[in-house]
Structures are given as structure tokens and as C-alpha cells.
Amino acid sequence: MAPRSLVAGNWKMNGVKSSVSELEALIQMVNDGDKADCDVLICPPATLVDRFVGVADGSLVNIGAQDCHTNTSGAHTGDIAANMVADLGAGYIIVGHSERRADHGETSDLVNNKAEAVLTENLTAIICVGETEAERKAGDTLKVVVADQLANSVPESATPENTIIAYEPVWAIGTGLTPTVDDVAEVHTAIRAALVERFGDGVGNGFAILYGGSVKPTNAKELMAADNVNGALVGGASLKATDFNGIIDAYR
Ligand code: PEP
């Protein structure tokens, strides 16, 4: 089955209680505007997940979290478990974002275990992969993204129903720089080929593969039309409802 597209917002460490007004505005645009042919997701900081789930209940906007621990409970100060996210009624958890790989030394093996924890709770894992500028310049993009990160971060139990891949070149995140559409298509097509090789034709072709890195209303339509791109993971431009809705427009 063809993947269902998703436009996902990652609020990162932004937002306080009053930020719920942006979610309310977004819900109004998504529910009352022209219907988009994609799912819509906002992943606020953990402090806001409960509140956002309540506000988004019954709307077309889904709510998720940005990270989780591999364990279900225990002595892990400051961490949250996937079952705690599930308990709040959120449906998705991002794992392996490049900021967590860089800031917290997360390896692909750890990301694999986190994704497994997400799937165990019957939530959807959004598994992020992406090369640094130095790796791209060295010609190592596909080696890093596909042969290393994708192969090692995606657990055996992944299916198109419970797992989404997000390709996010690190050098494009928050910088305003984006790869060319051809470059995006090349990496996405290589990711698709690896998924087909590993999981077989039917399953491998079913995974949604998001592009992330400086997506905005002005470039979304072009990027979303690239081969094997099934949506976007959006940082900065997801914080304002009008900007995020302008990206969702690519699917209207
Ligand atoms: C991200 O961090 O997932 C991201 C894509 O950020 P931005 O859209 O701001 O580049």
C-alpha cells in the first residue's frame, strides 16, 4: 500500500502553557480549512504533551513526544518512558533526532532500542537519520544515512503501520539551507531501496519517509513532490500555526 503522508512539527525545547493558542489556531485551520491529504502531527516538549492531547482531542491534529527512554520505569532522572507518553494519549514518539544524537551521544543501537520501546507501547516511532556537512562533503551521505544509521536504528519489528523514517540532513536543520530536490530524491530513493531489500517489496514500499531540514511554506510543495518523499518533519516553521499550515498546503 502507498504510504500515507504526514506533516509533523517538532517544537523542540519551545513552548509554555500559553503556547496552546498556536495549537488551537492550527486545529482550526486544519479542521475548518480545505482538507489536506496527509496526517498532521505536533510534538511539543514533554511538559505540554498532556495539555496538547486534551486540546487536540477529536481534531485532525495528532500529538506526539520528542524522545523516550528504553526502559518502562526506574532510576533515570529526567527521562520519560514510552508507556508514560502512551498513558497521556499521545500517538507518536520521535527517536534519534540529530540533536539527541549530537547533544546526548545517542548511537543508532540506542535509537533502535528506543524505537523498540515505542513499538511495544503500540505507538508510532518516527526514526530520524541524517548526515553532517562534513560527511556530505566527504561523499559519505549514503554510507552514513543508509548503511549505518538506517540499518542500525530501525528495529526488526518495524512495520509501515508503526514506523516512519525521517531523513534530516544535519546541516539543513535550522540553517535555512536545503539540499536540492534531486539530492533529497536520491537519498529517499536509497532509503526506500534499503527498506525493500530488508523487509521485502510490499512492506518496504509501505513505510512513509519524511524529509526534514528548513522546510517552509515557500519550499514545501517542491520538496514534498520529490520521489519517495511522503511528508515533512518541521522544526522552526512548526511553531507558528500559519507557517505550519502553509506547509500542510502542499497536500491540499
Ligand atoms: C528538525 O529539527 O527536525 C527540523 C527539521 O528543524 P528545522 O525545520 O527548523 O530545520
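Just so you know, ligand 1 is whichever comes first in the structure, and atom 1 is the first atom listed for that ligand. The basis for the numbers below is simple: all heavy atoms, side chains too, and nothing from hydrogens, waters or symmetry mates.
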> Which pair of heavy atoms, one from Arg198 and one from Val154, lies closest together, and at what distance?
Replying inline: NH2-O, 2.8 Å
>> Surrounding CD of Glu24 (heavy atoms of other residues, nucleotides or ligands, distance under 6.0 Å), is the total greater than 12?
In response: yes
> Which atoms of ligand 1 are found less than 4.0 Å from any heavy atom of Leu233?
Replying inline: 3 (O), 5 (C)
> Are any side-chain N or O atoms of Asp39 and backbone N or O atoms of Leu6, one a donor and one an acceptor, separated by less than 3.5 Å?
Replying inline: no
> Should His97 be listed as contacting ligand 1, given a heavy-atom distance under 4.0 Å as the test?
Replying inline: yes
> In the protein, which heavy atom is nearest to atom 3 (O) of ligand 1, and how far is it?
Replying inline: Glu168 OE2, 2.7 Å
> Can an N or O of Ser214 be found at a distance shorter than 3.5 Å from an N or O of ligand 1?
Replying inline: yes
> For ligand 1, is there an N or O atom under 3.5 Å from any N or O atom of Gly174?
Replying inline: yes
> Are any side-chain N or O atoms of Asp87 and backbone N or O atoms of Asn83, one a donor and one an acceptor, separated by less than 3.5 Å?
Replying inline: no
>> Test of understanding: given a 4.0 Å heavy-atom threshold, classify the contact between Ile173 and ligand 1 as side chain, backbone, both, or neither.
In response: both
> In the protein, which heavy atom is nearest to atom 2 (O) of ligand 1, and how far is it?
Replying inline: Lys12 NZ, 2.5 Å
>> Can you tell me if Ala172 contacts ligand 1 (heavy atom of the residue under 4.0 Å from the ligand)?
In response: yes
> Who pairs with Glu99 by salt bridge (charged side-chain N to carboxylate O under 4.0 Å, His left out), at least two apart in sequence or on another chain?
Replying inline: Lys12
> Are the ring centres of Phe244 and Trp11 closer than 6.0 Å?
Replying inline: no
>> With the threshold set at under 4.0 angstrom, would you say Ala237 reaches ligand 1 through any of its heavy atoms?
In response: no
> Using the ring of each side chain (for Trp, its six-membered ring), is His188 parallel, tilted or perpendicular to Tyr167, with breaks at 30° and 60°?
Replying inline: perpendicular
> Under the 3.5 angstrom rule, does the side chain of Arg100 hit a backbone N or O of Gly105 as a donor-acceptor pair?
Replying inline: no
> Counting heavy atoms only, which of Gly176, Gly212, Cys128, Gly235 is nearest atom 7 (P) of ligand 1?
Replying inline: Gly235
>> So for ligand 1, is Gly213 a polar contact partner (N or O within less than 3.5 Å, distance only)?
In response: no
>> Taking 4.0 angstrom as the limit and counting only heavy atoms of Gly236, give me the atoms of ligand 1 inside it, by number and element.
In response: 7 (P), 8 (O), 9 (O)
